[in-house]
Amino acid sequence: MTETAPDTTAPSSTTAPTLRFCPSPTGTPHVGMIRTALFNWAQARHTGGAFVFRIEDTDAARDSEESYAAIIESLRWLGLDWDEGIDVGGPNGPYRQSQRSEIYAEVIEKLKAGGYLYPSFSTPEEIEARNVVAGRPKQMGYDNAERDLTAEEIAAFEAEGRAPVWRLRMPEEDLTFDDLIRGEVTFKAGSVPDYVVVRADGKPLYTLVNPVDDALMGVTQVLRGEDLLSSTPRQIALYRALVELGIAAQVPEFGHMPLVRGEGNKSFSKRDPESDLFHHRERGFIPEGLLNYLALLGWAIGPDRDVFTMAELVEAFDVRDVNPNPAQFDLQKAEAINAQHLRMLAPEDFRARLVPYLAAAGLVSAHEDEALTEREREILDDAAPLVQERMTLLGEAPDMLGFLFVADGALEIDDDARKTLKDGATEVLDAAVAALESLPGDAFATAAIEAALREAIVGGLGVKPRLAFGPLRVAVSGRRVSPPLFESMEILGRDSTLTRLRSLREELAAS
Ligand code: GLU
């Protein structure tokens, strides 16, 4: 948390920017939303600026506590930390809009007193009827007709029992700003009608509270989705009013990030499971891999380079390098990058991260590494290095390693593994059992196991090496594909290995 007061000076190249992430807590965290958080975070960390996290929960009908908690959990899981805001506090709290009503009421009074807002009594039907008469296209919306109501006109409406909404007076000139990602953007004078910022019940709308909070929290750079670009001229107009009133120090710079699209360039809707951040966590993406991939949705660290750490991202990131074109979420590429990050983990770290996935599948007794039984720890110590290079997602762990944790009698043999067993399988199993029986328990180690089995099966039976060990793999792991066989046997130990070999042998004899 930064102890400094909010920045009240105009932004300059020598002042580090203040950025923010301000999601609305509706539904489960969306991948596009997290990409927004990531770019704001990266920009703050790269520049040495501040990162503020607030929650825009002004829509009681759609917002939920569950979603609020899920957003916090997602940032914490990913390691996107913030300097000011939710949970950590700071000088400009509270950081949930639902708790800031008094602050907004005060600002609204100042805006009214300054003449920036005016009351508007027209119903939607009245506005439409006026547009029809004036031959004004419907999509142009409100016609600014009530800008200069007299006190008598206002009194007359009130006498009818009408309560007004309040609109912000839009400037009558072109509105231009220099988008950090898109360059110069201009909205023509008159293209944006005076818009509602306060409801008839006195409650402010998102269009007011979002810029007001940015102003009060000293935000100097706003990076957000391209879908919000059309609301930016309205926000800038409000900002100018806030600057004139001394409430805002400056109009922030804006950068509108490219949309994230789904497979086949479709929109990435909340219904699409791939848009759900936690879906990827469940499958076993690690934060490093997922964040790396999300950073590629609109940004690149350099030509022909896809894999980087968060430290490297922070070092290199500049929002001005973000590409404005839509970015498509490509699950295969995301997985390939995740696999690379799994390989980059320190062995103990990788091993510890397998535990929750094994626990979720009921294969180990606890979700934390420290709470495992000694035997479980022993298996994991030896088995994790065997799969670190082979795994794409941590969620593959139960399938790859499950056979090492289940009791011999509970091992299930997959159908496709069983199908690989040829006629000679019984002889191979018999030879293996005999060879391993003659290997004493204290010599039951990978190299000795391999030597004994090669001699018995390749040497003794004359089976081609390529075919010699298939039946043993099936017996021991129940799978057609498994981690390295002799290492797996060593981990299981002599008794368990022999029990499994005999068990398949008996099964084949009976069939
Ligand atoms: N609460 C808004 C949203 O979730 C944020 C808009 C903004 O970043 O300005 O879309």
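Along the sequence shown, residues carry numbers from 1. Remember, it's 1-based here, ligands and their atoms both numbered in the order they're listed.
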Does anything in residues 182-206 pair up under ring-ring contact (aromatic ring centres under 6.0 Å, His included), and if so which pairs, sequence neighbours excluded? none

Within a radius of less than 6.0 Å around CD of Glu66, do more than 12 heavy atoms belonging to other residues, nucleotides or ligands occur? no

Which residue pairs satisfy the salt bridge (Lys or Arg N to Asp or Glu O under 4.0 Å) criterion with at least one member in residues 23-47, sequence neighbours excluded? Arg45-Asp81, Arg45-Asp83

Between Arg353 and Asp349, is there a side-chain N and carboxylate O pair less than 4.0 Å apart? yes

Contacts for ligand 1, heavy atom under 4.0 Å, by chain and number, are Arg20, Cys22, Pro23, Ser24, Glu56, Tyr206, Asn210, Arg224, Leu228

Arg136 with Asp143: basic N within carboxylate O range, under 4.0 Å: no

Those residues that, when tested against Phe308, pass ring pair (Phe, Tyr, Trp, His ring centres under 6.0 Å) (two or more places apart): Trp299

